[in-house]
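Sequence positions, counted from 1, serve as the residue numbers for this chain. In each ligand, atom 1 is the first atom listed, and ligand 1 is the first ligand listed. Predicted model only: the values in this text are computed from it and were never measured.
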Amino acid sequence: MAIRNLRYENDEILSKRSREIDVIDDKIKELAQDMIDTMHKWDGVGLAGPQVGVLKRIIVIDLYEEGTQFVLINPVIVSQKGTQEVDEGCLSFPNKFGKVERPKEVVVEALDLDGCKVTLKAQDLLAQALCHEIDHLNGVVFVERVKPGTLETVTPNNEGKK
Ligand code: ZN
């Protein structure tokens, strides 16, 4: 288990496009596990390669309910339906939140860590998380999608801090 350093806003790596993964080797598997550990450390629901400084098309997601942890390689949104307005944040933008419009439902195709093709039909929060993380792979961060006037910076409250 290893926690990787997060990349934060203004780091130019966050605006770069990630490359496809051709071979899922031990290094990719280690990266995936480190990304899960890093996401968990910061209580995130998702993390993408560029956020730990790796420009490869890999994302991890965990909604902290049974069956909602995913590692997806080369994920692609193949269809989407409807819209939802959601509050959104990002581990690379600590304390920033805003309202974003996302699809209500998406279908995503990807590979799992064994190289098997997976198709995910997702709605609501999972659809939002998939769109957010796949945006990262294309060099797009959520603050670019925030509805004008809704971006807030929240000052951390030290009371009750772990
Ligand atoms: Zn993010």
Side-chain angles (χ1 to χ4, degrees), residues 1-21 28 30-65 68-78 80 83-113 118 120 122-157 162:
M1 156 158 177
I3 306 296
R4 301 217 181 183
N5 290 330
L6 285 177
R7 300 302 187 96
Y8 296 103
E9 62 177 304
N10 302 325
D11 190 320
E12 63 179 22
I13 201 166
L14 293 178
S15 59
K16 291 188 172 159
R17 190 180 186 280
S18 294
R19 288 179 297 274
E20 304 260 320
I21 293 173
I28 294 291
E30 189 184 331
L31 170 65
Q33 188 57 53
D34 288 354
M35 286 173 65
I36 289 170
D37 295 339
T38 305
M39 169 178 67
H40 286 163
K41 175 174 170 65
W42 300 107
D43 298 322
V45 297
L47 198 65
Q51 292 182 278
V52 292
V54 179
L55 284 171
K56 292 184 194 292
R57 301 186 83 80
I58 177 171
I59 64 174
V60 298
I61 286 181
D62 197 346
L63 303 188
Y64 302 96
E65 284 171 27
T68 63
Q69 185 176 295
F70 304 97
V71 175
L72 300 174
I73 310 285
N74 302 336
V76 176
I77 297 170
V78 293
Q80 59 182 64
T83 58
Q84 55 176 335
E85 188 180 281
V86 287
D87 290 312
E88 202 157 304
C90 176
L91 291 182
S92 293
F93 293 77
N95 311 319
K96 281 195 176 165
F97 300 91
K99 291 204 184 301
V100 177
E101 191 173 283
R102 295 288 187 189
K104 176 85 172 152
E105 291 179 35
V106 291
V107 177
V108 170
E109 289 181 357
L111 298 177
D112 66 15
L113 275 181
V118 292
L120 234 70
Q123 301 177 321
D124 302 322
L125 178 59
L126 184 55
Q128 177 191 357
L130 286 163
C131 291
H132 178 113
E133 301 313 329
I134 291 170
D135 267 355
H136 274 300
L137 302 182
N138 295 322
V140 176
V141 291
F142 89 103
V143 291
E144 296 171 50
R145 293 196 185 274
V146 161
K147 293 205 162 186
T150 69
L151 188 66
E152 286 183 55
T153 304
V154 178
T155 311
N157 180 356
K162 278 174 247 171

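- Around the Zn ion (ligand 1), the protein contributes the following N, O or S atoms at distances under 2.8 Å: C90 SG, H132 NE2, H136 NE2.
- For the side-chain contact (heavy atoms from CB on, under 4.5 Å) with M35, the qualifying choice from V71, I59, I58 is I58, the only one to do so.
- Ring planes of F93 and F142: perpendicular class, angle over 60° (limits at 30 and 60°).
- Under the side-chain contact (heavy atoms from CB on, under 4.5 Å) criterion, V118 pairs with L72, A110, D112, not counting sequence neighbours.
- With sequence neighbours left out, I3 forms a side-chain contact (heavy atoms from CB on, under 4.5 Å) with M1, D37, T38, K41.
- Legend: residues meeting side-chain contact (heavy atoms from CB on, under 4.5 Å) with A127, ordered by chain and number and at least two apart, are Q84, V106, A122.
- Residue E101 forms a side-chain contact (heavy atoms from CB on, under 4.5 Å) with just one option from R145, E88, K147, and that option is K147.
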